[in-house]
Enquirer: 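For reference, the structure I am asking about is given below.
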Amino acid sequence: MNHRRLGLLFLALSAPVGVALAHHSYAMFDTTHTGKVAGTVAKLEWMNPHAFLWVYVPKPDTAGAYDLWGFENGSPSVLQGYGWSKDVLKAGDKIDVEYWPLRDGTIGGHCEKVTLADGRTLQCPSDLGRR
Amino acid sequence: MRATPSFALAMLGAAYFCAGCNPAAAQRTTATYASLKDLPDLAGAWTPNGRPFVLPPPRPGAAPTPPPSPCELPPAFKPDVAARCRDALDPRTGAAPRVYCERQYFVGRPPQGGGGAFEILYTPGRVTMAVESGLVRRIYVGDERPANSLDVSRSGTSIGRWEGKTLVVETSGLDPKAPLVPGSGLGRDARVVERIALVDNDTLEIEATLTAPAVLAAPLTSRMQYRRAPDRVFTDFDTCVDDDRSLDRTTGLDRFDKTPPADLPPPPTQ
């Protein structure tokens, strides 16, 4: 590894002003698999240190019933660079969510990508979940 | 009244200490708000260039590649720093110990990552860099160290000068305990020289060279570019919140808190 690469690696790994190194582990997510669900936006929690997306997903075996799925997302400061905003998703919007599932098998996970009904997509960033 | 020697000494002492009573007198600036329009247009909001957190596509079934060791340091570091770094890693994960509520320090590297957006503000005699993660750096433009500046502080004392269209900032008085790499702070007598300039109208580059004799055998230079972000809404990036759904502040353990928000609308009706 040459010196320039090492310098950049150092810059990326170190903790300078303003850096957002993962403040928690991603071990709870299976980052080697991508799940996908379709549902209705319940709420986008626009908060530090991570935004959370809540989605009503129809229960597969019970007509008219829903599970509430939660998806961790990046920080609002980072999400802005990906086209997200506080009101980019509104309650009632129909979306597809691609996500890293929780390792414990329960519903929810870490958002990878959201596709809106009109075909627009919103990438979900992550810190160190997958390399 | 005859001045006694003790009275004269007291007056001399008062005069000496009053040099610091009025910082404005000690560091007068001839700059005016009107003159600020002639400066290079560094002012405004900037965000780190690129998307550092775009991840590669999933590799079904493959084990995640472990992240590189945070102790893989550039050659500028003294050898014992890497050794201390390895000793400081979490023995279970091999990763740097996570710090939940970390105070912000300037350690001679340009802002980056989440919370790395910043705003440059011009006022007469001063350039202020307000970083989204919370640190505010006040750069005094002039020849003198401002009166009453602290011996050491989290942002240090920064003195700037214009070299053509480049703002050159020299910073000293950095907190020796400011974390640089796991296991090591900056140490005493660290200094930073930054060169801040436009690459083009919408691209800013910061080159920062850190000299830290306690931990570096040679100066360490970092360089980052930023894009202008006039519509940026700053969000007080903060990893130190009470209701963190991803981390239990009381235990320091990861979690995935599924407690629904209190104001959710009802599920859709069919």
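Worth knowing before you read on, the calculation uses all heavy atoms, side chains too, and leaves out hydrogens, waters and symmetry mates. Convention: sequence-line order gives letters A, B, ...; per-chain numbering from 1.
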Enquirer: Using non-hydrogen atoms and a 4.5 Å limit, figure out which bit of B/D257 sits close to chain A: side chain, backbone, both or neither.
Expert: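 The backbone, not the side chain.
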
Enquirer: What is the ring orientation for A/W69 with A/Y99, classed by angle as parallel under 30°, tilted 30 to 60°, or perpendicular over 60°?
Expert: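 Correct class here is perpendicular.
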
Enquirer: So which part of B/P266 gets closer than 4.5 Å to some heavy atom of chain A, the side chain, the backbone, both or neither?
Expert: backbone

Enquirer: Using non-hydrogen atoms only, which part of A/L102 is less than 4.5 Å away from chain B: side chain, backbone, both, or neither?
Expert: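 For A/L102, the contact with chain B is made by the side chain alone.
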
Enquirer: List the atom pairs, with distances to 0.1 Å, where a side-chain N or O of residues 51-60 of chain A and a protein N or O form a donor-acceptor pair under 3.5 Å, not counting sequence neighbours.
Expert:
unit_1, atom_1, unit_2, atom_2, d
A/W54, NE1, A/E45, OE1, 2.8
A/Y56, OH, B/P265, O, 2.5
A/K59, NZ, A/D67, OD1, 2.7

Enquirer: Given a strict heavy-atom distance threshold of 4.5 Å, which part of A/S85 is in contact with chain B: side chain, backbone, both, or neither?
Expert: neither

Enquirer: Measure B/R255 against the heavy atoms of chain A and call it side chain, backbone, both or neither at under 4.5 Å.
Expert: backbone

Enquirer: Any ion pair linking B/D80 and B/K78 (charged N to carboxylate O, less than 4.0 Å)?
Expert: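 Here B/K78 does not pair with B/D80 in a salt bridge, since their nearest N and O are not under 4.0 Å apart.
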
Enquirer: For A/A91, is it the side chain, the backbone, both, or neither that has a heavy atom closer than 4.5 Å to a heavy atom of chain B?
Expert: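 The side chain, not the backbone.
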
Enquirer: Is a salt bridge present between B/R195 and B/E207, judged by a nitrogen-to-oxygen distance below 4.0 Å?
Expert: no

Enquirer: Flag this pair as yes if the NZ/CZ of B/R137 is under 6.0 angstrom from the six-membered ring centre of B/F106 and inside a 45 degree cone about the axis; otherwise no.
Expert: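 Yes - B/R137 lies over the ring of B/F106, closer than 6.0 Å to its centre and within 45° of its axis.
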
